[in-house]
Structures are given as C-alpha cells and as structure tokens.
Amino acid sequence: MKSDHHVILRVITKVLIPVIVLYGLYVQFHGDFGPGGGFQAGVILAVAVILYALVFGVPSAMRAVPPAFTRSLAAVGVLLYAGVGFWALLQGGQYLEYQALFQEEPGGHHGQHVGIILIELGVLFGVSGAMLTIFYAFAGRVAEIRDEDW
Amino acid sequence: MAMSEPDIGMALVNIVLLGLLFVVGIAIARLRSLFAIVMLSGIYSLVSAVWYVAVDAVDVGFTEAAVGAGMSTAVLLGAMLLTSRTAKPEKSLRQLGPLLVCIATGIMLIYATVDLPAVGDPNSPANTGVGLTYLRVAWFDTGIENVVTPVLGSYRGFDTLGETTVVFVAGIAVALLLGFGERSLAETIRNEDKSLPKATTKPDPENEETDA
C-alpha cells in the first residue's frame, strides 16, 4: 500500500483477478460438460480474493468482501443445497430426488439439470464462503505481508 | 485408457513426474526457511496435479491444482506470517523416529501396490462394479454429459451435501476459534471508514464480481 516497488505485482494482479474470477465461473457453469464443479470453482473464486488480500493488504480485501458477508455466504450455500432437498420433499419425492422437482417421468431431465445447477451453486457459495472465512481468521491477525517476506 | 501393451512414453512421463515429487519432498524435508517450504509444497501439489492428469484422473488433478496449489498455499502463507520465518534445527537423533515411521509406511504401501490392478484395467473392481453401472445409466437418468457431475450431484447427492456441510463447519469452527482478530480488524476498518469519509475508499470493480 505504501511503498511503490511492488507496482508490477499490483498491475499484474489487477489484470489477473478478473481472469481468475471468469475462470472460476467457467469451471462452475461448465461442470456439466467438463471437469470441474462447485468445489473447484468455489476455491478458485476464494483464491481471487485471497490474491487481492495478499497484494493489496487484508483491510482492502475486507472492505471489498466483508467477513460478515463470507460467513453468511457459507451458510446460504449449505441452506441452498439442503433447500433443494426439501423442495423435492414438498413435491412428493424423496430428499434430493431431482426427478421429483417437476414431477417428471423417468427420462425427463429438466429436474436433474435444475437440481444439479442449484446444488452446485450451493457448493460454490458454501466452499468460497468457508474458505474466505478461514483465510480472514488467519490473516486478520497480521495486517500485511512485510516487504522482507517477499 | 486401456493399456494393452507397455507404453514407453507414459512410463517415462510417470518416472519424471514421480521423480520430481521425490526431489521436492526431500527438499521440503531438508529446508529450514518456512517461506521456501510453503512455496515448494505448492509446487509439490502442482506436480501431483499434472501426474493425476497423466493417469487420466482429470477431476482429481483439477481439485489438487485448485485446493492444493492454490488454496492451501495461500492459507499456509497466512499461517506462516503468524510465526517465525525459519524452523528450528532438529537434533539428528530425534529425526530417527519419524524417519522409521516413514520408511515403514512406505514399505507397507509398496507392498500393497502389488495387489492393485493396472491403470485402466477393464476387469478391475472399480470398472466392473458400480462404476460401469453409472457409465451405462447416467446419460439416460440425467442427460448430463460429464458423468462425474451426476455421480457427485445426483447419485451421491447426500455425500456431497455432507462434504459441503463439513467445509462449512470447518470455516465456522476456525472463525469461532480465531475470529477475534478478524473482528477487531474489521472494526478498525469500519472506524477508519467513518473518520475518513472519502480519502481511503477506492472502489474495486473487479472484486465485486466475486460476490456472484
């Protein structure tokens, strides 16, 4: 923040972070077709924020993504996942039975697609929220990486 | 991939990657600078991710690259900042016990590999039992192209819910144990923001996307 001999690091980080976030979203939404899914995407999104925190300092990162938000995000993720299960229950199916979401016959895939996208979103929120909470808990104890540590 | 005949190229790739893992492992054990150790453990994860891809475990390799090389390196870096920068040298006598444990475990693992089926063996238990069933019925059941996704999300949705809950509980537990530093820092930031209305607030448009 104060000295300017990390200027290359900062510029490169600013270029990289949007790419990392975009890649995380790609991993999330392309999980039906290729390797990847909520766990990996959640970690990648969390790493984007952590990279920001390492280079620009934890206080700036906490301003952008507050700790209260990451905690709630993790809880919302688990709730979303569990909620899909209860949605299936309410539709007369069994817990997490995606086939029952829209009361389809076997062979109908709409419920499967919607259910899996929703639970993957739940995993994404849960994992990225929990990872950032853990990181903040550690990093909140030291304000910034000192210059001699690089 | 089925390997009917020995593939010299793949064997060479395996030897090089596993050799690299061995060298990095030895280096980690011998180094004293914690920063270098954290970086080398990231490299260890990256090399093992490449190796997972080489043995056709793409999803595992991907997870290793994201979690092992990305996440745990960052968390270890944060943990390292809380302690001193170099490890204390151990007495060589005290290294003997862990060394013996490592050698014994290694011998047992090597002994166990004799019973393992070859990579891609179509008659192995993993490929004849429930795995084959998933490959046969997943497309009709779910209409999702990557078979790993319906296995994780649909057939084993309970497991994945459990895993997500474990990650959530881990995050909450760490926040409960260490969270007071985080809270006081967040408090400081809020007070600073109040006292300096506009001076320090720089909007970061890139970061707002991570909320999604």
Side-chain angles (χ1 to χ4, degrees), chain A residues 14 17-18 21 25 31-37 39-40 43-50 52 54 58-60 62-67 71 74-75 77-78 81-82 85 96 98 107 109 112-113 116 119-120 122-123 126-127 129-131 133-143 145 149, chain B residues 35 58-59 61-63 66-67 70-71 74-75 77-82 85 140-146 148-150 152-154 157-158 160-161 163-165 167-172 174-175 177-179 181-186 188-189 192-193 201-202 204 206-212:
Chain A
K14 281 212 165 174
I17 285 175
V21 171
L25 293 177
D32 287 5
F33 310 102
F39 275 102
Q40 292 92 336
V43 170
I44 292 172
L45 288 189
V47 162
V49 180
I50 290 173
Y52 185 79
L54 287 178
V58 176
S60 319
M62 279 188 176
R63 278 195 195 95
V65 186
R71 274 197 294 267
V78 178
Y81 198 138
L96 286 176
Y98 310 127
H109 297 150
Q112 294 280 348
H113 282 290
I116 286 183
I119 65 135
E120 290 280 358
V123 173
V127 170
M131 291 298 157
T133 305
I134 293 175
F135 174 74
Y136 279 153
F138 277 108
R141 306 188 138 210
V142 277
I145 297 184
D149 291 332
Chain B
F35 188 77
V58 188
D59 279 83
F62 198 177
T63 314
V67 178
M71 191 65 214
V75 171
L77 211 58
M80 184 204 77
L81 293 173
L82 298 177
R85 298 296 175 269
F140 173 75
D141 279 352
T142 64
I144 289 172
E145 278 145 52
N146 178 14
V148 176
T149 303
L152 287 182
S154 198
F158 279 37
T160 311
L161 176 61
E163 283 163 24
T164 313
T165 315
V167 172
F168 169 69
V169 169
I172 295 301
V174 170
L177 282 172
L178 303 176
E182 173 208 292
R183 185 180 296 171
S184 63
L185 188 57
T188 328
I189 293 169
E192 270 176 28
D193 281 351
T201 48
K202 289 177 214 147
D204 302 301
E206 304 99 321
N207 250 59
E208 282 162 17
E209 291 172 30
T210 53
D211 301 359

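Please read these numbers as outputs of a predicted model, since none were measured by experiment. Residue numbering restarts at 1 for every chain, and letters A, B, ... go by the order of the sequence lines.
For the pair S154(B) and Q112(A), the minimum side-chain heavy-atom distance is below 4.5 Å. V123(A) has its side chain out of reach of E163(B): every pair of non-hydrogen atoms, C-beta onward, lies at least 4.5 Å apart. In this structure the side chain of V75(B) never reaches within 4.5 angstrom of the side chain of M131(A), judged on heavy atoms. With a 4.5 Å cut-off on side-chain heavy atoms, Y81(A) and T160(B) count as touching.
Considering OG1 of T164(B) and CD1 of I119(A), their distance stands at 7.5 Å, rounded to 0.5 Å. Here D141(B) contributes atom CG and Y98(A) contributes atom OH; the two are 13.0 Å apart, rounded to the nearest 0.5 Å.
For the options T142(B), V67(B), T63(B), T149(B), heavy-atom pairs under 4.5 Å to chain A are most numerous at T142(B). Ranked by non-hydrogen atom pairs under 4.5 Å with chain A, the options G143(B), A74(B), G70(B) are led by G143(B). Among G77(A), P66(A), A74(A), A46(A), the residue making the largest number of heavy-atom pairs under 4.5 Å with chain B is A74(A). For the set G31(A), G37(A), G129(A), the count of heavy-atom pairs under 4.5 angstrom toward chain B peaks at G31(A).
In terms of heavy-atom proximity, V167(B) sits nearest to G126(A) at CG1-O, 4.4 Å. Nearest heavy atom pair, residue A137(A) against residue A175(B), reads CB-CA, 4.4 Å. Closest non-hydrogen pair, H109(A) versus F140(B), comes out as NE2-O, 2.7 Å.
For F39(A), the part sitting under 4.5 Å from any heavy atom of chain B is the side chain, from C-beta outward, and nothing else. With a 4.5 Å cut-off on non-hydrogen atoms, I134(A) touches chain B through its backbone and its side chain both.
With sequence neighbours excluded, no residue forms a side-chain hydrogen bond (donor to acceptor under 3.5 Å, both in side chains) with D59(B).
No donor-acceptor pair closer than 3.5 Å links the side chain of H113(A) to the backbone N or O of I144(B).
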- Task: Take L152(B) and E120(A) through the test side chain to side chain contact (heavy atoms under 4.5 Å, CB included) and record every step on the way to the result.
- Result: CA-CA 10 Å; L152(B) 287 182; E120(A) 290 280 358; 5.6 Å; no
